[in-house]
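Each chain gets a letter, A, B and so on, in the order the sequences are listed, and its residues count up from 1. This structure is a prediction, so every number in the text was calculated from the model and none was measured.
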Amino acid sequence: MYSEKVMDHFNNPRNVGMIPDADGVGQVGNPTCGDIMKIYLKIKDNVIEDIKFKTFGCGAAVATSSMVTELVKGMSLDEAMNVSNQMVAEALDGLPPQKMHCSNLAADALHAAIENYRRKEAGK
Amino acid sequence: MYSEKVMDHFNNPRNVGMIPDADGVGQVGNPTCGDIMKIYLKIKDNVIEDIKFKTFGCGAAVATSSMVTELVKGMSLDEAMNVSNQMVAEALDGLPPQKMHCSNLAADALHAAIENYRRKEAGK
Amino acid sequence: MRNVYFDHSATTPVHPKVAEEMCRYLGENSGNPSSFHSPGRIARKTVETAREKVAAILGARPDEIVFTAGGTESVNMAVMGAARARRKKGNHIITSAVEHQASLYTCEALEKEGFTLTVLPVDRYGLVSADQVREAITGQTVLINIIHAQNEVGTIEPVEEIGALAREKGIPFHTDACHSVGRLPVDVNKLGVDLMSFAAHKFNGPLGAGGLYIRKGTRWERLMYGGSQENRRRVGTENVPAILGMGLALELAVADMEKSAAYFTVLRDRLVNGVLSTIPNCILTGHPSIRLPNLASFCFEFVEGESILLSLDGRKIAVSSGSACTSRLLEPSHVLLAMGVPVDVAQSSIRVSLGLGNTEEDVDYFLAELPPIIERLRAMSPLFGCEDEECSEGEDCFACTAKR
Amino acid sequence: MRNVYFDHSATTPVHPKVAEEMCRYLGENSGNPSSFHSPGRIARKTVETAREKVAAILGARPDEIVFTAGGTESVNMAVMGAARARRKKGNHIITSAVEHQASLYTCEALEKEGFTLTVLPVDRYGLVSADQVREAITGQTVLINIIHAQNEVGTIEPVEEIGALAREKGIPFHTDACHSVGRLPVDVNKLGVDLMSFAAHKFNGPLGAGGLYIRKGTRWERLMYGGSQENRRRVGTENVPAILGMGLALELAVADMEKSAAYFTVLRDRLVNGVLSTIPNCILTGHPSIRLPNLASFCFEFVEGESILLSLDGRKIAVSSGSACTSRLLEPSHVLLAMGVPVDVAQSSIRVSLGLGNTEEDVDYFLAELPPIIERLRAMSPLFGCEDEECSEGEDCFACTAKR
Ligand SMILES: Cc1ncc(COP(=O)(O)O)c(C=O)c1O
Ligand SMILES: Cc1ncc(COP(=O)(O)O)c(C=O)c1O
């Protein structure tokens, strides 16, 4: 069902946790839909210096969350905004079809966190 | 499917053949319905002295024909008229349900032969 | 590492004696039961012997047992066949909110054909009541369709009571007995059912063999057309080795039933007590006592079921999250929702189902492995314990708002 | 006494390698393919590997292959599913007079739902012509349903031509390929079919496994409801060992196809020539050359088929009289009648079908045993040679009036 990479990221998720004084926080999903992904960002000079995630969801949800954090760590915010759910899925050697649309939302959570950061910055 | 008795009568049918100068001949069925049974009788003093059959049909058709000849040989005509298809089937330890109504006509052939004899007698 | 199969409600290993018999048959005979020659007659005899066995065990007549390819086919045949055959008498079907998908979606399909459904609610244990059935009956009711032992939570429905009611009212009654046949004493007359579905692979028989009991005299319409097999009620060359296997498997299951029910009850209770006493925010779903001896189903709040399943699988423990054939994969179990379990809690369900070969050691291994898994997943969950003491997200933080 | 199985068209023995694989699987894994844990994933992989094999062999895409429980189910799904899905477009079905019961009765059932049937006649060899199909097409035609290799007489229908026509007209085309898949090269694109049915037990695979090819994009409605197996096209837990067996059996059959076709052709011709040259009043039915390599079907005038079958069985030779699943047991074959064989002659049919394990010695044994049997039964037949030279029965004596 799941690729080896998915299982690896599920079993050994990278960057799990939260950043207490995060510069940006993004969250997608809600408890009733089955998957919730929350991304915390630490930004320095428009670059993602640190990123952590918390996820409630299936194997795909955990793996995509983990993968997205690994992909974008060190990226500029603009670069990170270009990372799509599709790219995350590909980096994991694909996801089962029924998981593609529902549990592949980690990039959305990332984008929400970046927007949260930008809103806060703009509001400063 | 078939009982051992049916198979015995099918494999070793009693009284196969014809009686050239039969006193009565009875036949039921026709080539299009699948089973034809023909019974030849030799009658003496209202008793079945000899009986032979020819049958075109399935295992049940052959076995019931054989069985009826064995059952009625030596019987009076009145007794023989009381032998029913059901009794023939029972004497064979039963027949498969789908054969009960279609291939269990040997007693009918017998009765036809007796009637044929009686008609001839009456016409004499 | 131990290898623990705790998903016997999804499918069971074939009993070694059954596998042996089937393999022996495969090597020895290859007749079609419809053929009149010796190999055909051996095949026919094999099928009919199995039918007699199954019928005797279930309190039925052999000609009331139809062999099918599995539980789903039996249920479809039962529900569609009984409802459609009474189309002219009425168009109302009574069913429950805790049916297996096979019943649920078949009833929904019949709705599109013009039938109306009453889907009875259940209490928090998943129980339907006979009184509810009584109240739901109208002059148009042509079928009552209630599962016997619920497949996700193990609750046993009051089928006897409903059966008595159905007979009183003269309404045909189907029960999906896929999880009771082979595990509980099941007698079609005691239950008062007119139709009953079961599947061999749920009681250590083979895949590819199911059964449908149709009480003599029940008006019923078939689903498929072809040869004259199974009295034309289920056409197509019979799966002889599978039918042979089903007969033997049921015989073995029934011979051993009391002993194994007692055994599994002990194991299950040990497991349930172990889980509930070591893991906080965990609930046992289904009825606490009116339940299958071999099944326990839990919700572990704040973590999602599949992630528990995969983590246990990493420790070579096979369980299921809800039912194995959940069709709307990402939706929470309709059964748990019907029992009033909140949606987010329903997402966290795990079903543990015991069976042939399981031991106390398996249970203890499970009890040792589960807690750290739940802990690890909860630590990862945005729903569980906000780590930010000065969290400023307010309503947006599920962990802050979630009940602890 | 030799033991000769000459009824491979009814069902075949499972290839020893296939039986071995299935039994190995039975002992090793017991997962449900819908389960996410390791045993479930092994089961899933087993099913999908088989699907890829089968698809590749038939020139299809894996997602175009649906696993079923057998030929009858596939045919029912194909015919009902394709016709009903187009109900709004039209209500006309074209089929032939030489279909298997599964097609025949399914089409008749659809007639009761409001479809109209054109049942195409065949020539004396059992052949339908593409021209007839063309002429039968109306604006209402929603399905063409023509068997590939006829199961009683072995004639191979011009499916390629009909397929080309169907594609030209944009009408979905189903072929019942139960007797061609595994025996002849079959490629869904070369044949131009949109739906195709086949059954493992006809090519030394197990009972309980069938397949339905549904071309991508074909509008189609399912027959049963339940879980999400087979993309919801065929629900119910997959019969994993049987599917595994089907994949392997097809692979073995195809690897060996040319060689075994040549081998069976030689055996069959030896048999046909032997029968025709030693037994008078005997005809070979079906097309003399456009036919299955392994099947020969005869009519032995003046004797009835079942009695030949039983007599041969007494010599441990298994053949069939017509088809194994003749539903209207005592009616003569609709196939032979459609070919213009007189009713009484049709009653005398015997089908000999060769397969795995058959040898020249088997054929010679058959050729030695058959003539005395026919002779004995003819001597018993009231249709054959009236022994009364002065017979006075006239018209009443069938033997006198029958052509000799
Ligand atoms: C041409 C044809 N179609 C369909 C079937 C039905 O297959 P099954 O018996 O596997 O359901 C058969 C075999 O009996 C057949 O010969
Ligand atoms: C209650 C219930 N009914 C029906 C079924 C369907 O059985 P099968 O998968 O054998 O078609 C199952 C098993 O999945 C079940 O649990």
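- Neither the backbone nor the side chain of C:Ala346 comes within less than 4.5 Å of any heavy atom of chain A.
- Put simply, of C:Ser348, C:Ser311, C:Gly314, C:Gly305, the one with the most heavy-atom pairs under 4.5 Å next to chain A is C:Ser311.
- By the side chain to side chain donor-acceptor pair (under 3.5 Å) test, A:Asn85 is found to be paired with A:Asp108, residues two or more places apart in sequence or in another chain being considered.
- Remark: C:Arg124 engages no residue in a salt bridge (Lys or Arg N to Asp or Glu O under 4.0 Å) (not counting sequence neighbours).
- Annotation: cation-pi pair C:Arg376/A:Phe10 present, NZ/CZ under 6.0 Å from the ring centroid and within 45° of its normal.
- Across A:Pro20, A:Gly57, A:Pro13, the residue that shares the most heavy-atom pairs under 4.5 angstrom with chain C is A:Gly57.
- Taking 4.0 Å as the cut-off between side-chain N and carboxylate O, C:Lys316 and C:Asp362 do not count as a salt-bridged pair.
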